[in-house]
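Taking it in order: structure first as structure tokens, then the write-up.
Indexing begins at 1, ligand by ligand and atom by atom, following the structure's order. Atoms considered below: every heavy atom in the structure, side chains included; atoms not considered: hydrogens, waters and symmetry mates. Since the model is a prediction, treat every value here as computed from it, not as a measurement.
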Amino acid sequence: MAELKYKRVLLKLSGEALAGEKQIGIDPHTVSKICAEIADVVDMGLEVALVIGGGNIFRGLSASAEGMDRSSADYMGMLATVLNALAVQDALEKTGHPTRVLSAIAMQEVCEPYVRRRAMRHLEKGRVIICAAGTGNPYFTTDTAAALRGMELKCDAIIKATKVDGVYDKDPMKHDDAVMFKHLSYEETLRRHLKVMDSTAITLAQENQVPIIVCNMFNGSIKKVVTGENPGTTVEGD
Ligand code: UDP
């Protein structure tokens, strides 16, 4: 079996990823496909903490642009991430892997509250943890939640799994001549406003020198990343 480069990673999935071709909502077939990729790396002994977005259901910023109170809209966005977390939990458990959903907003009938030391213990026991409800605070994003959880859970890397292969100089869905970066520094990513993660998340990773790796979520790339290959884009160093 290939050797792991990392012991523990934080894997960020955007909500949109779960919608598949539908763009909105949850597509169970797509969720199962993603979970099969996650199950593969868990079977290799990798400790995995997931942070899931909610953009396939509700985005606070868009709703506030339509006139809704920003904080209320953001709480709705955080609740959307809990729906996604439960869908991923279901699909992951069907692959035979124990999981725990840990929410930054308490809802004891549905899932455990996020308690850092408990989360660490689950990881040590080989359970996949799914961190829901973002940071629990409005005005943040799940990218920032991913960086935050990545730091406090002492993850060796943040993997952002997306529908495309990595970070490009322009949108690869719209431009045929878009060029993918293999390596980027945190500085350059921030300066060029490249769509890796939001700037708060990148700064947090930079301050703690934790690499951010962007890769495709469907074609075995996650496995390549955790065994030391760079199929997508790695952001690290200065
Ligand atoms: N959100 C929030 N605080 C957080 C994380 C998320 O208020 O710490 C809200 C925010 O409204 C955001 C929504 O939840 O628009 C969904 O998260 P995000 O947009 O990051 O999801 P993704 O784009 O990854 O699907």
Please report which non-hydrogen protein atom sits nearest to atom 7 (O) of ligand 1, along with the residue it belongs to and the distance in Å to one decimal place.
Asp74 CB, 3.1 Å
Taking every heavy atom of Gly126 against every heavy atom of Val42, the minimum-distance pair comes out as O-CG1, 4.5 Å
Ligand 1 to Gly53, heavy atom cutoff 4.0 Å, flagged ligand atoms 21 (O), 22 (P), 24 (O), 25 (O)
List every atom of ligand 1 that sits less than 4.0 Å from any heavy atom of Thr142, numbering the atoms from 1 in the order shown and giving each element.
5 (C), 6 (C), 17 (O), 18 (P), 20 (O), 21 (O), 22 (P), 24 (O)
Heavy-atom proximity to atom 8 (O) of ligand 1, best of Thr135, Asp198, Thr144
Thr135
Atoms of ligand 1 less than 4.0 Å from Pro138 heavy atoms?
7 (O)
Could you tell me the residue and atom name of the protein heavy atom closest to atom 2 (C) of ligand 1, and the distance to it rounded to 0.1 Å?
Phe140 O, 3.1 Å
Around atom 5 (C) of ligand 1, find the nearest protein heavy atom and jot down its residue, atom name and distance.
Thr141 C, 3.4 Å
Would you call Ile222 and Cys215 a side-chain contact if the rule is heavy atoms closer than 4.5 Å?
yes
Above 12 or not: heavy atoms from other molecules or residues under 6.0 Å from CD of Glu124?
yes
Need the ligand 1 atom indices (1-based, order shown) with element for anything under 4.0 Å from a heavy-atom of Gly134.
4 (C), 5 (C), 8 (O)
Going by the order shown, which atoms of ligand 1 are within less than 4.0 Å of some heavy atom of Arg59?
15 (O), 19 (O), 22 (P), 23 (O), 25 (O)
Region of Ala145 that comes within reach of ligand 1 [heavy atoms, distance under 4.0 Å]
neither
Tell me, please: is Met76 in heavy-atom contact with ligand 1, that is, under 4.0 Å?
no
for atom 12 (C) of ligand 1, nearest protein heavy atom and its distance come out as Gly60 N, 4.0 Å
Give a yes or no on whether Arg121 atom CZ has more than 12 heavy-atom contacts from other residues, nucleotides or ligands under 6.0 Å away.
no
Heavy-atom nearest pair, Leu184 first then Glu188, reads CD2-OE1, 3.7 Å
Report yes if some heavy atom in the side chain of Leu92 is under 4.5 Å from a heavy atom in the side chain of Leu50; otherwise report no.
yes
A student checking ligand 1 against Phe58 at a 4.0 Å heavy-atom cut-off should list atoms 13 (C), 16 (C)
Could you check atom 14 (O) of ligand 1 against the protein and tell me its nearest heavy-atom contact, residue, atom and distance included?
Gly77 C, 3.1 Å
Evaluate whether atom CD of Glu21 has more than 12 neighbouring non-hydrogen atoms of other residues, nucleotides or ligands under 6.0 angstrom away.
no
Would you call Glu16-Arg59 a salt bridge at under 4.0 Å N-O?
yes
With heavy-atom distances below 4.0 Å as the criterion, list the atoms of ligand 1 near Asn137.
2 (C), 3 (N), 4 (C), 7 (O), 8 (O)
Hey, which atoms in ligand 1 end up nearer than 4.0 Å to a heavy atom of Lys12?
24 (O)
Atom 21 (O) of ligand 1: the protein heavy-atom neighbour that sits closest, reported with distance to 0.1 Å
Gly54 N, 3.0 Å
Does an N or O anywhere in Ala73 fall below 3.5 Å from an N or O of ligand 1?
no
Common cluster, Leu18/Ile159, ILVMFWY with side-chain heavy-atom separation under 4.5 Å:
yes
Does Arg192 make a cation-pi contact with Phe181, if we ask for NZ or CZ under 6.0 Å from the ring centre and within 45° of the axis?
no
Counting only heavy atoms not in Lys163 (residues, nucleotides, ligands), do more than 12 fall under 6.0 Å from its NZ?
yes
